[in-house]
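Scroll down for the structure; my scribbles are underneath it.
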Amino acid sequence: MAIDYHAGPDDYRAYLQRLQPGDRLLLQPGDYHHGLPLHRLSGEAGQPIVIAAANSAAPPRFIARPRANTLSLVDVRYISVRDLELDGQNQPVDAVKAEGHSRFADFITLERLHIHDHAASQQNVGISTKCPAYGWVIRDNRIERVGTGMYLGDSDGSDAFIGGRIEGNRITHTLGYSLQIKHQKSRPAEFAGRHDTLIRYNVFSKQGSLPGPQARPNVLLGHFPLSGAGSEDRYLIQGNLFAHNSGEALLQAEGRIALYNNLFVNGSGDAIHIQPHNDVPRDMAIFSNTVLSSGTGIQVRSAGGTVYRQQVVGNLVAAAQPVQGGATSHNQTLAYRAACLDVRPSELNRCLLAGSRPPPRLPAELVRELDVYPEWDPATASYGARIPAGLLQTLDKAGP
C-alpha cells in the first residue's frame with residue numbers, strides 16, 4: 001500500500017530510501033540546506049515515487065550548497081518532483097542533474113519547479129542530463145537567471161535524451177542557451193522505433209542577456225543518430241514563443257524537425273537558422289510560423305546538394321531578409337516592422353498584416369499534407385501561427 005510521508009527541513013532525508021512505488025514525500029514549507037539526492041529509487045508505471053510540496057502555494061526552498069548539485073538523480077526510474085523552489089544563490093552548481101556516473105534516469109517528471117540564480121557561469125544549468133535519459137516530462141517550470149536553462153545530453157554525443165516532453169516552461173535571463181539538446185551518436189537497440197521529442201508552449205526569452213563570448217541561440221537542437229535505432233526520431237516544435245537575442249539566432253537546428261505554430265520575435269538579429277552543426281539538416285517541415293526579425297527571418301543552409309526534403313511553407317515573415325534557402329512556397333513575406341515588437345503575442349499577426357492584403361488560405365493539397373502533425377488545425381490554414389491556448393496559458397503564469 002502506498003504511503004504518504006510528511007517531513008520538514010530537519011528530517012526529510014531520513015525518508016528518502018524508504019520510498020516505494022506510489023509513495024509520496026510531502027515537504028513542509030521552509031528552507032532546506034542539505035540537497036535532494038534521489039539515488040537508486042524506482043517507482044513503477046502508474047505508481048511513481050512523488051516528492052512534492054505539502055502545500056503547492058508555499059513551496060519548500062532548497063538552497064544550493066558548494067560542490068553538490070541540489071536535486072541529484074542517480075539510477076532512478078518513475079520519479080515525479082513538483083512544486084519546489086531551487087535557489088542557487090549563484091553557487092557554481094546545477095539545480096537538477098542526472099549525474100554523469102548514473103547508468104540511467106528514466107521516466108522523470110519535473111513539474112512546477114521555480115529554478116533561479118544558478119548563474120555563476122554559463123556552465124551552471126537549471127536542468128541537466130549527463131546519463132541516458134528516456135521518457136522525461138519537463139512541464140510548467142519557471143527557470144530564470146541561470147547560466148543555461150536546460151542542457152540535455154552530453155557534449156560528445158553520448159548519453160542520449162530520448163522521447164522527451166518539454167512543455168509550458170518559461171525560461172528567461174540565461175547567460176547561454178535557454179535549451180540545448182545535444183546531438184546523438186548512437187542509441188541502444190532497445191530504443192528501436194521512433195521516439196519523437198515534443199517541445200511546445202514554452203517561452204524561450206533572452207531579453208536583457210548581453211552579447212559577447214557567451215552569446216548562444218535561445219534554443220539549439222542537435223541531430224539524432226545517423227543510422228540504426230533513433231535515426232527516424234524528430235523534434236516536434238510547436239506553439240512556442242522565441243523572443244529576443246542580440247548575439248545569435250533565436251533557434252538553431254539540424255537533423256529532423258517539424259517547426260510550426262511558433263512565434264519568433266527578435267529586434268536585434270536573426271530568428272531561425274537551420275544549418276550544419278555536428279551533422280546536417282535532414283528532412284524537415286517549417287510551416288505556419290510567425291516571424292518578426294530585424295535580420296534574417298528563416299535561413300535553411302544545407303551542406304552541398306541535399307537529398308532531404310526541407311519545406312518552408314505557409315509562414316508569415318516580416319524581416320530584413322525574410323526567407324533564404326529550403327523548398328519555399330506560399331509564404332507571406334513583409335518588410336521588418338519594429339512597431340510590432342511590443343504587441344501582445346495574440347496580436348502579432350494582425351500588427352504585421354496591418355495595411356496589407358489578407359493572405360489566402362493554403363492550397364487544399366498542402367493542407368492535407370501538413371495535417372499529419374499533432375495539433376495543427378487545418379481549419380485555420382492561412383499564413384502564420386495560430387496561437388495555441390497552451391502558449392497563452394504559459395504567458396499568463398506570473399509565478400510566485
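- Of the N and O atoms on the side chains of Asp75 and Ser102, at least one donor lies less than 3.5 Å from an acceptor on the other residue.
- Salt bridge absent: Glu248 and Arg216 never bring a charged side-chain N and a carboxylate O closer than 4.0 Å.
- A salt bridge does not link Arg309 with Asp283: every distance from a Lys NZ or Arg NE/NH1/NH2 to an Asp or Glu carboxylate oxygen is 4.0 Å or more.
- Hydrophobic clustering of Ile, Leu, Val, Met, Phe, Trp and Tyr side chains at less than 4.5 Å, counting indirect connections, keeps Phe242 apart from Tyr177.
- In terms of heavy-atom proximity, Gln252 sits nearest to Pro217 at OE1-CG, 3.8 Å.
- Heavy-atom minimum distance, Ser231 versus Gly228: OG-O, 2.8 Å.
- No side-chain donor-acceptor contact under 3.5 Å links His173 and Gln207.
- In this structure, OG in Ser302 is found 3.5 Å from CD in Gln310, a value given to the nearest 0.5 Å.
- With salt bridges taken as basic N to acidic carboxylate O contacts below 4.0 Å, one links Asp233 and Arg187.
- Surrounding CZ of Arg350 are at most 12 heavy atoms belonging to other residues, nucleotides or ligands under 6.0 Å away.
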Under the criterion side chain to side chain contact (heavy atoms under 4.5 Å, CB included), I'd like the reasoning laid out for Gln91 against Arg65: C-alpha separation, chi angles, the key distance, then a yes or no.
CA-CA 7 Å; Gln91 291 283 348; Arg65 305 162 294 158; over 6 Å; no

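- For the residue pair Lys206 and Leu175, the shortest heavy atom distance occurs at NZ-O, 3.4 Å.
- The minimum heavy-atom distance linking Val323 with Gly325 is given by the pair CG1-O, 4.2 Å.
- Taken to the nearest 0.5 Å, the CD1 atom of Ile108 stands 11.5 Å off from the CD1 atom of Ile127.
- A distance of 11.0 Å separates CD1 in Ile286 from OG1 in Thr328, rounded to the nearest 0.5 Å.
- If you take OG1 on Thr129 and CD1 on Ile138, they are separated by 7.5 Å, rounding to the nearest 0.5 Å.
- Rounding to the nearest 0.5 angstrom, the gap separating the CG atom in Asp117 from the CD1 atom in Ile63 is 11.5 Å.
- In this structure, Lys130 does not pair ionically with Asp159, as no charged nitrogen and carboxylate oxygen lie closer than 4.0 Å.
- Across all non-hydrogen atoms, the minimal contact from Ala53 to Pro60 is CB-CD, 3.4 Å.
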Walk me through it: do Asn349 and Thr290 pass the test side-chain hydrogen bond (donor to acceptor under 3.5 Å, both in side chains)?
CA-CA 7 Å; Asn349 283 8; Thr290 295; 2.6 Å; yes

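- Counting heavy atoms from C-beta outward, Arg301 and His273 have side chains that stay 4.5 Å or more apart.
- Screening Asn289, Val291, Leu334 against Leu316 for a side-chain contact (heavy atoms from CB on, under 4.5 Å) leaves a single residue, Leu334.
- Leu348 is listed as a side-chain neighbour of Cys340, based on a closest heavy-atom distance under 4.5 Å.
- Residues Leu263 and Leu250 are members of separate hydrophobic clusters, defined by side-chain heavy-atom contacts under 4.5 angstrom among Ile, Leu, Val, Met, Phe, Trp and Tyr.
- A perpendicular orientation is assigned to the rings of His195 and Phe191, their planes being inclined by more than 60° (bins at 30° and 60°).
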Given ring pair (Phe, Tyr, Trp, His ring centres under 6.0 Å), test His114 with His116 step by step and report yes or no.
CA-CA 6 Å; His114 181 200; His116 61 91; 4.6 Å; yes

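- A salt bridge is defined here as a Lys NZ or Arg NE, NH1 or NH2 lying under 4.0 Å from an Asp or Glu carboxylate O, and Arg194 with Asp196 meets this definition.
- Taking the six-membered ring where tryptophan is involved, the planes of Phe107 and Tyr78 are essentially parallel, since the angle between them stays under 30° and well short of 60°.
- The side-chain contact (heavy atoms from CB on, under 4.5 Å) test with Leu226 is passed by exactly one of Gln184, His183, Arg282: Arg282.
- Two different hydrophobic clusters hold Leu241 and Leu220 under the rule that ILVMFWY side chains link at heavy-atom gaps under 4.5 Å.
- Side-chain contact annotation: Ser178 with Asn218, donor-acceptor N/O pair under 3.5 Å absent.
- Glu347 has no carboxylate O lying under 4.0 Å from a charged side-chain N of Arg344, or vice versa, which leaves the two without a salt bridge.
- Side-chain atoms of Thr333 and Asn331 include no donor-acceptor pair closer than 3.5 Å.
- Here Glu99 does not pair with Lys97 in a salt bridge; the nearest charged N to carboxylate O distance is not below 4.0 Å.
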Carefully, step by step, assess Leu259 and Ile272 under the rule side chain to side chain contact (heavy atoms under 4.5 Å, CB included).
CA-CA 10 Å; Leu259 179 70; Ile272 301 170; 3.9 Å; yes

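- With respect to Arg112 and Asp83, a salt bridge is recorded, a charged nitrogen being found less than 4.0 Å from a carboxylate O.
- With 3.5 Å as the limit, one finds a donor-acceptor pair spanning the side chains of Ser72 and His39.
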Report the C-alpha distance between Gln332 and Leu353 in whole Å, list the side-chain angles of each, state the deciding distance to 0.1 Å, and finish with yes or no for side chain to side chain contact (heavy atoms under 4.5 Å, CB included).
CA-CA 9 Å; Gln332 178 85 353; Leu353 289 169; 4.1 Å; yes

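- There is no path of hydrophobic side-chain contacts, each under 4.5 Å, that joins Ile166 to Tyr201.
- Panel note: side chain Asp87, backbone Gln89; a donor-acceptor pair is recorded below 3.5 Å.
- Defined by atom type and a distance below 3.5 Å, a donor-acceptor pair is present between the side-chain atoms of Asn240 and Asn262.
- Residues Asn202 and Thr394 form no side-chain contact, since every pair of their non-hydrogen atoms from C-beta on lies 4.5 Å or further apart.
- One hydrophobic cluster, built from ILVMFWY side chains closer than 4.5 Å, holds both Leu16 and Val76.
- Using a 3.5 Å distance cut-off with no hydrogens or angles, the side chains of Asn141 and Glu111 do not pair a donor with an acceptor.
- Grouped with Tyr383 in one hydrophobic cluster are Leu198, Leu236, Tyr260, Phe287, Val313, Leu362, Leu366, Val367, Leu370, Val372, Tyr373, Trp376, the linkage being side-chain heavy-atom contacts under 4.5 Å among Ile, Leu, Val, Met, Phe, Trp and Tyr residues.
- Rounded to the nearest 0.5 angstrom, Asp106 CG and Leu73 CG are separated by 11.0 Å.
- Taking the centre and axis of the six-membered ring of Tyr235, the NZ or CZ atom of Arg256 falls outside the cone set by 45° and 6.0 Å.
- Minimum interatomic distance between Gln299 and Thr296 (heavy atoms only, all atoms of both residues): CB-CG2, 3.8 Å.
- Taking the six-membered ring where the residue is Trp, the centroids of Phe62 and Tyr12 are separated by under 6.0 Å.
- Residues Glu369 and Gln311 have side chains that bring a donor and an acceptor to within less than 3.5 angstrom of each other.
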Check against side chain to side chain contact (heavy atoms under 4.5 Å, CB included), Glu254 and Gln275
CA-CA 6 Å; Glu254 60 183 358; Gln275 65 187 54; over 6 Å; no

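- Counting non-hydrogen atoms of other residues, nucleotides and ligands closer than 6.0 Å to CZ of Arg24 gives a total of 12 or fewer.
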